[in-house]
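The structure appears below as structure tokens.
Per chain, numbering begins at 1; letters A, B, ... match sequence-line order.
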There are 2 protein chains.
Amino acid sequence: MSATLKDVAKLAKVAPSTVSGVLNGTTRVKPETRRRIMQAVEELNYRPNHLARSLRTQGTRTLGLVIPSITNPFYPALARGVEDTANAYGYSVLLSNTDRAPDKEQQYIETLIDKRVDGLILVDSMVPDSLIQEIAQTPNLAIVMMNRGIDSPNVDEIWVDFRNAAIQMTEHLIEAGHHRIAFLAGPRNIWRAEERLLGYQEALSRHKLELDKSLIKYGKFDYESGYELGRELLAQGDDFTAVFASNDLMAIGCMTALQDSGIPIPHDVSVVGFDDIDLAFFVRPKLSTVYQPNYEMGTAAVRLIMERIRQERNVKTRQELTSRLVMRESMIPHRSPDG
Amino acid sequence: MSATLKDVAKLAKVAPSTVSGVLNGTTRVKPETRRRIMQAVEELNYRPNHLARSLRTQGTRTLGLVIPSITNPFYPALARGVEDTANAYGYSVLLSNTDRAPDKEQQYIETLIDKRVDGLILVDSMVPDSLIQEIAQTPNLAIVMMNRGIDSPNVDEIWVDFRNAAIQMTEHLIEAGHHRIAFLAGPRNIWRAEERLLGYQEALSRHKLELDKSLIKYGKFDYESGYELGRELLAQGDDFTAVFASNDLMAIGCMTALQDSGIPIPHDVSVVGFDDIDLAFFVRPKLSTVYQPNYEMGTAAVRLIMERIRQERNVKTRQELTSRLVMRESMIPHRSPDG
DNA sequence: TTGTAGGCGTTATCAA
DNA sequence: TTGATAACGCCTACAA
């Protein structure tokens, strides 16, 4: 139904290749010819067929974004960063939610490649290294992984320095007099969770504080496990003065559990989180946490992809973005009883 | 680099068209031939090129989703509903954020059409009717609009019965003894905002309650304006006993303003919202609000598109999904002082 | 300055 | 049961 290059050519009485050349600015024609062509384009309301173009040029101007779930408050800003930047470069983005299921992720990746995306952004990927290394061979495909290392010269990496951020937050707590700090860890085997735990431990050891394993609890990064863990901590009858949850949802869950037991926060116990999701600002007391540059992660990823596509760079790059502490109301210095 | 149909054909010693037929199940061949083909496919790790296929078949198995912003807590669930359902049908989804800017939206729509998406889901669209009517002529394109009517037989519609929900919530308040209910309206000229206001007015009139314009305040659907409006209400020295905000962000902002002025909620004033975003569950008191079936909106949209694509239906459909009240802690019955 | 021809990787039609 | 052939709409040498 819609007009093709051929139609335009016929109407303008020139060859299709001439029209193509003019429209893409690769051919110089005399003004009169150009005028006729433009008029025909206008008249037929011609719009190039991207499919045909892509088939020919081996480029789709489309990127694939693969995330655990857009529903997780951590990702919308990132997705927005990706989409905005892609759009600025004239690219579109295809969205995929994997739910952290390796099979599902693999399927999405394959579909995306079959659809010939020019770039692939894998966030918190769960597929085996071997698969990544295999797809890294795909021609005309730039890949960047977020928060995951991979031994391949063709794949770029973007990281957030979770460990350092965890160290900073822990030290902040320590320096404020908290020496018995409970830690709510995330699921084992998830890198973003493990780094936070490592940071906590590192800070403790730097300050020569004993690591009490009974103060470390493992949760599932959700509100419920935070609540659960808060109750466990209470049940232990421990003397902790602060809890550092490795994400905000757990921090809020824990805070609620403590509050439900009549423990005033931050007066009796300080609680801090990690991620700085919107919620952190709305709970009472406002949650002190670690801000993640999510939007910037997205923009950075697209930029790395563009450098590859435009062949401005062909060596592996590893970029590290930094988080920063945002202290609100849920944490105050600890005064020892005998202080 | 990657193998094509031709390569497979050569290796299996058959014609490309035969391979195509077998792979698509449109051609019957004898077992032996089939075996050879499958083996060649395996050996070369052949994957069909969707671009070429799409060019030929006029179908991309891709949908375009156009929303104001994925960053707005209202849309991730919807997007997830769209993506999940699309995926179940073997479709991918292209994401676009318009920021409610008509020009930007138009550009996205055009790009999406140029990329030959099979379906377009326009959420809270801001472009003029004429544009929609124009693109509704595009062949091989199914369009559904969410929360916006359009006079075109080719475009399906999905609505949430905002007005009814607002009526219900208001009546709930009235029946609980609240007769002076302040209303925080959204931006004028935005349908989803206006319907809510209309519902509020309708309920008042049904119960023969006077409509006091000084109790109606216009905000911008964000936390800040809710806070602002809360302060305004207070400054007026009015005797309202409840406030109905037309979205949760404003409700929470207002609640915070009241609390900051030392007014206990819900004891002195009840506050209710609209949308049931995640936040609603986490603020204290937990916000009573109107739940929106966002995820279901997404799935419904894709289903309508699929019906069109598969030609199971070719008449316009208008589907209405229903919200429901979710009462938590921020509202209690009002006892009149002399009661 | 403009046109011709071939091909990108499929699928559909028709013959053999 | 299989194969040849012609599109789909575009781009890019190369030729004129």
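When the C1' atom of C:dT10 is taken as reference, atom NZ of A:Lys115 falls 16 Å away, rounded to whole Å. One atom, CG of B:Leu55, and another, P of D:dC11, lie 12 Å apart when rounded to the nearest Å. Nucleotide C:dT11 holds its P atom 10 Å from the CG atom of B:Asn49, rounded to whole Å. Residue A:Leu23 contributes atom CG, which lies 10 Å from atom P of D:dC10 at whole-angstrom precision. Rounded to whole Å, atom P of C:dT10 lies 14 Å from atom CG of A:Leu51. Distance, B:Arg35 CZ to D:dT1 C1': 17 Å, rounded to whole Å. Across the protein-nucleic acid pair, B:Asp114 atom CG and D:dC8 atom C1' stand 17 Å apart, rounded to whole Å. As a whole-Å value, the separation of A:Ile37 CD1 from C:dT1 C1' is 11 Å.
A:Leu5 comes within contact range of the sugar-phosphate backbone alone, with a heavy-atom separation under 4.0 Å but no base atom that close. Backbone-only engagement by A:Arg53 is indicated by non-hydrogen atom pairs under 4.0 Å involving sugar-phosphate atoms exclusively. Within 4.0 Å of A:Thr4, counting heavy atoms only, lie sugar-phosphate atoms of the nucleic acid but no base atom. At a threshold of 4.0 angstrom between heavy atoms, the contacts of B:Arg47 are confined to the sugar-phosphate backbone, with no base atom among them. A:Pro16 comes within 4.0 angstrom of no nucleic acid atom, judged by non-hydrogen atoms across all strands. When heavy atoms are screened at a 4.0 angstrom cut-off, B:Thr33 is found touching the sugar-phosphate backbone but no base atom. Nucleic acid contact for B:Thr57: sugar-phosphate only, since backbone atoms but no base atoms lie under 4.0 Å from a heavy atom of the residue.
One finds a side-chain N or O of A:Asn24 lying less than 4.0 angstrom from the OP1 or OP2 phosphate oxygen of D:dC11. Side-chain N/O atoms of B:Ser17 include none lying less than 4.0 angstrom from OP1 or OP2 on C:dT11. In this structure, A:Thr18 reaches the C:dG3 phosphate: one of its side-chain N or O atoms is under 4.0 Å from OP1 or OP2.
For the side chain to side chain contact (heavy atoms under 4.5 Å, CB included) with A:Val123, the lone residue among A:Met146, A:Met297, A:Arg148, A:Met145 that qualifies is A:Met146.
Listed nucleotides: D:dT1, D:dC8, C:dT4. Nearest to the side chain of A:Ala15: C:dT4.
Contact annotation: side chain of A:Thr27 to base of C:dT2, donor-acceptor pair absent below 3.5 Å.
B:Lys316 has no carboxylate O lying under 4.0 Å from a charged side-chain N of B:Asp156, or vice versa, which leaves the two without a salt bridge. Look at A:Glu312 and A:Arg310 and you find a salt bridge, because one of the NZ, NE, NH1 or NH2 atoms lies within 4.0 Å of a carboxylate O, short of that distance. Salt bridge status for A:Arg318 with A:Glu320: present, with a side-chain N to carboxylate O gap under 4.0 Å. For A:Arg80 and B:Asp99, the salt-bridge test passes: some basic side-chain N is under 4.0 Å from an acidic carboxylate O. Between A:Arg303 and A:Glu307 there is no salt bridge, since no side-chain nitrogen of the basic residue lies less than 4.0 Å from a carboxylate oxygen of the acidic one.
Along DNA chain D, the nucleotide closest to A:Arg56 and the one closest to B:Lys13 are compared, and the more 5′ of them pairs with B:Lys13.
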